[in-house]
Amino acid sequence: MFQRIFGRERHANRAITEALYAQIVAAARQTVFYSHWNVPDTPLGRFEMLSLHMFLFQHRLRGQGGVAQEVAQVLIDEFFLDVDHSLRELGIGDVGVPKRMKKLAKMFYGRTAAYDDALERNDRDGLTAALARNVRPDAGAWLEAPLLADYVIDAGNQLATQPSDSIVSGTLVFPVAKGD
């Protein structure tokens, strides 16, 4: 009881949150996405990749109760706090941040619905189209989209094999994207 009152448990939970979020960010920042697969190395391109990896994390823990559900919620909150902070670093003022946050939240949830639908139906072509539509809407034909779709499928499969207890303890392993 005293540990809880004095924050030891809270500190441990914060360490887990930070570890998981750092692993999600590291996976989203793999250089191959930007150097070989032509994901735009822009704030919006990085948002797309971070959103994609956050979706994969949320998809993995979906439907689980208890601690897993709590961790999933804390991580989505952390994600949106990070997005808010990034907007402010880009020079968006206090008046403009809420409007942009609303737009970005709508984008995130729209994308996750499309990705989730494609993964649930095991529809690689649908996933490829959704990724192309969201990550490179200006590109016309994005030749690397199937590579990203394969990565997402592999990541979903790899995350599915990781025990929930391990994930909620702070260990999350994404696949390494190959630069072929």
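Bear in mind the structure is a predicted one, so any value in this text is a computation, not a measurement.
Here the closest non-hydrogen pair linking Leu119 and Leu56 is CD1-CD2, 4.5 Å. Residue Ala114 comes nearest to Ala130 through the heavy atom pair CB-CB, 4.1 Å, listed as atom of the first residue, atom of the second, then distance. Smallest separation of non-hydrogen atoms from Gly45 and Val39: O-CG1, 4.0 Å. Smallest separation of non-hydrogen atoms from Ala149 and Leu127: O-CD2, 3.7 Å. Nearest heavy atom pair, residue Ala19 against residue Gly170, reads CB-O, 3.9 Å. For the pair Leu159 and Val173, the tightest heavy-atom approach, listed with the atom from each and the gap, is CD2-O, 3.6 Å.
By the side-chain hydrogen bond (donor to acceptor under 3.5 Å, both in side chains) test, Gln162 is found to be paired with no residue, residues two or more places apart in sequence or in another chain being considered. Annotation: ring pair (Phe, Tyr, Trp, His ring centres under 6.0 Å) contacts of Phe174 (sequence neighbours excluded): His53. For Gln158, the side-chain hydrogen bond (donor to acceptor under 3.5 Å, both in side chains) test picks out no residue, with sequence neighbours left out. Residues passing the side-chain hydrogen bond (donor to acceptor under 3.5 Å, both in side chains) test with Gln30, sequence neighbours excluded: Tyr151. In terms of the salt bridge (charged side-chain N to carboxylate O under 4.0 Å, His left out) criterion, Asp125 has no residue partners (sequence neighbours excluded). Taking the side-chain contact (heavy atoms from CB on, under 4.5 Å) definition, one finds that Pro40 meets it with Thr42, Val135, Arg136, sequence neighbours left out. For Arg46, the side-chain hydrogen bond (donor to acceptor under 3.5 Å, both in side chains) partners at least two apart in sequence or on another chain are Asp41.
Counting only residues at least two apart or in different chains, salt bridge (charged side-chain N to carboxylate O under 4.0 Å, His left out) contacts with residues 108-121 comprise Glu48-Arg111, Arg62-Asp116, Arg62-Glu120, Asp117-Arg121, Arg121-Asp123. Every pair passing salt bridge (charged side-chain N to carboxylate O under 4.0 Å, His left out) that includes a residue from residues 145-154 is listed here, sequence neighbours excluded: Arg124-Asp150. Screening residues 21-32 for salt bridge (charged side-chain N to carboxylate O under 4.0 Å, His left out), with sequence neighbours left out, gives no hits. The list of side-chain hydrogen bond (donor to acceptor under 3.5 Å, both in side chains) pairs with a residue in residues 66-77, not counting sequence neighbours, reads Gln73-Asp77. For residues 17-26, the set of pairs meeting the salt bridge (charged side-chain N to carboxylate O under 4.0 Å, His left out) definition, not counting sequence neighbours, comprises Arg14-Glu18.
Note that CD1 of Ile24 is 11.5 Å distant from OG of Ser51, once rounded to the nearest 0.5 Å. Here CZ of Phe79 is found 4.5 Å from CZ of Phe47. Values are rounded to the nearest 0.5 Å. Expressed to the nearest 0.5 Å, how far CZ of Phe80 lies from CD1 of Ile76 amounts to 5.0 Å. In this structure, Leu148 CG and Thr128 OG1 are separated by 8.5 Å, a value rounded to the nearest 0.5 Å. The distance from the CE atom of Met49 to the CZ atom of Phe33 is 4.0 Å, given to the nearest 0.5 Å. Note that CG of Leu172 and CZ of Arg60 are 9.0 Å apart. Values are rounded to the nearest 0.5 Å.
Under the ring-ring contact (aromatic ring centres under 6.0 Å, His included) rule, Tyr115 has a single partner from Phe55, Tyr109, Phe108, which is Phe55.
No side-chain heavy atom of Thr171 sits under 4.5 Å from any side-chain heavy atom of Ile167.
Counting only N and O atoms by type, the side chains of Ser164 and Gln64 include a donor and acceptor under 3.5 Å apart.
Placement of Val74 and Leu61 in two distinct hydrophobic clusters is found when ILVMFWY residues are connected by side-chain heavy-atom separations under 4.5 Å, directly or transitively.
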